[in-house]
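In this text the structure is predicted, and so the values were computed from the model without any measurement. The figures here come from the full heavy-atom set of this structure, side chains too, leaving out hydrogens, waters and symmetry mates.
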Amino acid sequence: MHDSRVGAAAGLPLWGIALAAGLIPLLTIHVTFVTSVVEGHVPWCVPYWDACTSISRTGRHGSSYFIFKGAMLPAALLGIFFWWLSAGWLRQLGVQNAMPAWLPWLGLVGCVFLAAYTLALGHSGDTFRMIRRTGVILYFSLTFIAQLLLSAALLTVPAWQSWGRRLLRLCQTALAIGILSVILTVVAYPLYSQIDDAFEWVLALLLNTHGLAVAWLWWKSGFRASLHTDD
């Protein structure tokens, strides 16, 4: 009988899964942006500070519509797998508290909402608009919470505390930007409405950068999956 176990023994390196989970969404939004610019659907700019277009708008029309859906749906599946493996990685490092148990569920729900958002993109109507808005908010929120838990869990492992602090600073930056966007919504909505798309781009960059950093940590720790045969 074959028993698949996650561990540090010689086997299949898993860091590539984390790399793909972080890199595919990041590359996709930039590829669809450039494609939409070339096809004339959005203006040319630097969306991180010009706030000329939302991420959603880059994947609504032309070739970008198919690129976005064709890449983001597999990315959502990879994300589910990534968070399931993250729980195993933390346990392998020696994390004993309940934090790892939350990661697969947060990742599952967050990535399901990412898939719902992706499927609704490009369709008109109030229902689809609600699905898109709910999907992106919950995907960002639940992914952030999962990343915060993972970062905090590393602080409980002496050998990985420095990396836990680095990842927490990344989470704190994302949180500060999110809080700033809420404040501007309340006290200076006309200004916020002009720059809200930039907030979305920056938050997406920070969330995916966290994922890429975790991929590097998986590589550094030798995180692998091995097949064992039980006689």
Side-chain angles (χ1 to χ4, degrees), residues 3-29 48 74-114 138-180 201-228:
D3 178 24
S4 178
R5 300 173 184 168
V6 176
L12 179 67
L14 295 170
W15 65 269
I17 294 173
L19 180 66
L23 198 57
I24 290 176
L26 193 60
L27 285 178
T28 299
I29 61 177
Y48 288 96
L77 290 175
L78 271 175
I80 294 171
F81 197 30
F82 165 78
W83 286 113
W84 178 73
L85 290 172
S86 291
W89 177 62
L90 290 176
R91 293 191 186 98
Q92 176 186 298
L93 295 181
V95 176
Q96 301 296 325
N97 57 34
M99 286 183 187
W102 286 93
L103 296 184
W105 299 106
L106 288 169
L108 172 64
V109 178
C111 289
V112 165
F113 278 104
L114 173 61
L138 288 178
Y139 167 68
F140 277 149
S141 300
L142 295 175
T143 299
F144 169 77
I145 293 171
Q147 291 180 348
L148 190 63
L149 289 176
L150 185 151
S151 304
L154 290 179
L155 294 178
T156 68
V157 184
W160 295 88
Q161 286 179 350
S162 62
W163 283 105
R165 285 191 290 270
R166 291 185 180 99
L167 292 180
L168 271 178
R169 284 196 288 270
L170 200 59
C171 291
Q172 289 166 351
T173 302
L175 179 60
I177 291 173
I179 292 173
L180 176 60
W201 282 89
V202 173
L203 286 173
L205 176 64
L206 290 172
L207 291 181
N208 287 297
T209 298
H210 191 287
L212 294 175
V214 172
W216 190 83
L217 295 181
W218 285 14
W219 173 81
K220 184 178 175 66
S221 65
F223 188 40
R224 294 171 178 267
S226 57
L227 274 177
H228 299 268

Say you draw a straight line from [atom1] of [X] to [atom2] of [Y]; how long is it, rounded to the nearest 0.5 Å?
{"X": "L85", "Y": "I80", "atom1": "CG", "atom2": "CD1", "result": "12.0 Å"}
{"X": "L27", "Y": "L23", "atom1": "CG", "atom2": "CG", "result": "4.0 Å"}
{"X": "Q161", "Y": "L155", "atom1": "CD", "atom2": "CG", "result": "6.5 Å"}
{"X": "L14", "Y": "F82", "atom1": "CG", "atom2": "CZ", "result": "11.5 Å"}
{"X": "L77", "Y": "I24", "atom1": "CG", "atom2": "CD1", "result": "10.5 Å"}
{"X": "R166", "Y": "R169", "atom1": "CZ", "atom2": "CZ", "result": "7.0 Å"}

Partners of Y139 by ring pair (Phe, Tyr, Trp, His ring centres under 6.0 Å), sequence neighbours excluded?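 For Y139 there are no ring pair (Phe, Tyr, Trp, His ring centres under 6.0 Å) partners, ignoring immediate neighbours.
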
Apply ring pair (Phe, Tyr, Trp, His ring centres under 6.0 Å) to F144 and list each qualifying residue two or more places apart in sequence or on a separate chain. none

Please name the pair of heavy atoms, one in [X] and one in [Y], separated by the smallest distance, quoted to 0.1 Å.
{"X": "G22", "Y": "L212", "result": "C-CD2, 3.9 Å"}
{"X": "H210", "Y": "S151", "result": "NE2-OG, 2.9 Å"}
{"X": "A213", "Y": "L167", "result": "CB-CD2, 3.7 Å"}
{"X": "A153", "Y": "L90", "result": "CB-CD1, 3.9 Å"}
{"X": "W15", "Y": "A215", "result": "CB-O, 3.4 Å"}
{"X": "A21", "Y": "N208", "result": "O-OD1, 4.3 Å"}

Do the non-hydrogen side-chain atoms of [X] and [Y] ever get within less than 4.5 Å of each other?
{"X": "W160", "Y": "S221", "result": "yes"}
{"X": "L205", "Y": "L26", "result": "yes"}
{"X": "W105", "Y": "V109", "result": "no"}
{"X": "W102", "Y": "I145", "result": "no"}
{"X": "L203", "Y": "I177", "result": "yes"}

Take L149 and L103, measure what side chain to side chain contact (heavy atoms under 4.5 Å, CB included) needs, and give me the verdict at the end. CA-CA 8 Å; L149 289 176; L103 296 184; 4.1 Å; yes

Check the orientation of W218 and F223. Use parallel for under 30°, tilted for 30 to 60°, and perpendicular for over 60°. perpendicular

Look at the aromatic rings of W84 and F81 and report parallel, tilted or perpendicular, splitting at 30° and 60°.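 Because their plane-to-plane angle is under 30°, the rings of W84 and F81 count as parallel.
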
Any chance you could lay out the side chain to side chain contact (heavy atoms under 4.5 Å, CB included) test for W219 and L19, step after step, and finish with the verdict? CA-CA 10 Å; W219 173 81; L19 180 66; over 6 Å; no

So, Q147 side chain and L207 main chain: donor-acceptor pair closer than 3.5 Å or not? yes

Identified side chain to side chain contact (heavy atoms under 4.5 Å, CB included) counterpart of L154 within the set V95, L217, L168: L217

